[in-house]
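Everything on this sheet refers to the single structure shown next.
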Amino acid sequence: MAELSPRLAAVLEALRLRPGMRVLEVGCGPGALARAMAERVGPDGYVLGVDRSPTAIQAAERVSSHGSLDFRVSTAEQFRLKGREQPFDLVVAIRVGGLDGRHPELEAAAMAQLAAATVPGAALYIDRGDPLEAVPLH
C-alpha cells in the first residue's frame with residue numbers, strides 16, 4: 001500500500017472504490033493518493049493523476065510502477081479525454097484552488113470539463129466535507 005498522510009488515508013477510506021473503476025485525480029501532486037487508489041481499483045481499473053505542475057508530474061512518474069496508473073500535466077479547467085480514452089467513473093480533487101469556491105469562473109469551466117470526461121451519474125469528491133463532499137457532475 002502506498003504511504004499516505006492521515007488526511008489522505010481518510011480520503012481514501014471515504015471513497016467508494018471498487019475493482020475495475022476508472023478514477024481521475026485532479027491536483028495529484030507527487031501521486032501518493034493516485035497510487036493508493038490504483039491499488040484499490042486493481043489491474044482491471046485505471047487511475048489518471050493530473051496536475052498543473054510539470055515538476056509534480058515528473059515526481060509522480062519517478063515513483064510509479066503500477067500498470068493501471070498514469071500521470072499527465074493538466075488543469076481541471078483544461079482537462080479533456082485524449083483520443084479513444086474512456087470516461088471516468090469518479091473524480092477526486094483535494095486542495096485544488098480552482099475548485100475551492102474562490103474562483104467561480106475557473107470552477108465553472110472545470111466542472112464542465114470534468115462532466116464531459118465522466119460517465120453519467122459520476123461525482124466529484126472534493127475536500128469540503130469531513131473528509132469529502134460528493135458534488136454531482138451531471
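Residue numbers count from 1 along this sequence. Computed from a prediction, not measured in an experiment: that's the story for all the values here.
- A continuous path of Ile, Leu, Val, Met, Phe, Trp and Tyr side chains, each step under 4.5 Å between heavy atoms, connects V73 with L33, placing both in one hydrophobic cluster.
- We find the CG-OG1 distance between D89 and T118 to be 9.0 Å, quoted to the nearest 0.5 Å.
- Here the straight-line distance linking atom CZ of R35 with atom CE of M37 works out to 10.5 Å at 0.5 Å rounding.
- Counting only residues at least two apart or in different chains, salt bridge (charged side-chain N to carboxylate O under 4.0 Å, His left out) contacts with residues 56-68 are absent.
- Taking 4.5 Å as the limit, every side-chain heavy atom of P30 sits out of range of all side-chain heavy atoms of D51.
- In this structure, OG1 on T75 lies 5.5 Å from CZ on R52, to the nearest 0.5 angstrom.
- Nearest heavy-atom pair, A109 versus E77, reported as atom, atom and distance to 0.1 Å: CB-CB, 3.8 Å.
- Nearest heavy-atom pair, A110 versus A76, reported as atom, atom and distance to 0.1 Å: CB-CB, 3.6 Å.
- Smallest separation of non-hydrogen atoms from G45 and S68: O-CB, 3.0 Å.
- A donor-acceptor distance shorter than 3.5 angstrom exists from the side chain of E107 to the backbone of G101, with no hydrogens or angles considered.
- Between the CE atom of M21 and the CZ atom of R40 there is a distance of 12.5 Å, given to the nearest 0.5 Å.
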Before giving the answer on side chain to side chain contact (heavy atoms under 4.5 Å, CB included), spell out for E133 and D127 the whole-Å C-alpha distance, their side-chain angles and the decisive distance to 0.1 Å.
CA-CA 6 Å; E133 175 186 336; D127 57 341; over 6 Å; no

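- Scanning for salt bridge (charged side-chain N to carboxylate O under 4.0 Å, His left out) contacts around R102 gives D100, with sequence neighbours left out.
- V119 is listed as a side-chain neighbour of P87, based on a closest heavy-atom distance under 4.5 Å.
- Residues passing the salt bridge (charged side-chain N to carboxylate O under 4.0 Å, His left out) test with R22: none are found, sequence neighbours excluded.
- Taking both residues in full, the closest heavy atoms of C28 and G49 are given as SG-C, 3.5 Å, listed atom of the first, atom of the second, then distance.
- With sequence neighbours excluded, no residue forms a salt bridge (charged side-chain N to carboxylate O under 4.0 Å, His left out) with R18.
- Annotation for V135: hydrophobic cluster partners, listed by chain and number, are L24, V26, Y46, L48, V50, F79, L81, F88, V91, V96, L99, M111, L114, L124, I126, L137 (ILVMFWY side-chain heavy atoms under 4.5 Å, direct or chained).
- Residues A38 and L69 share a closest heavy-atom pair of CB-CB, 4.0 Å.
- Shown here for P131 and A10, the closest heavy-atom pair between the two residues is CG-O, 3.6 Å.
- Looking at L17 and L12, their side chains come closer than 4.5 Å, going by heavy atoms from C-beta outward.
- To the nearest 0.5 Å, atoms CG (L8) and CZ (R95) are separated by 8.5 Å.
- In this structure E85 satisfies the salt bridge (charged side-chain N to carboxylate O under 4.0 Å, His left out) test together with R72, sequence neighbours excluded.
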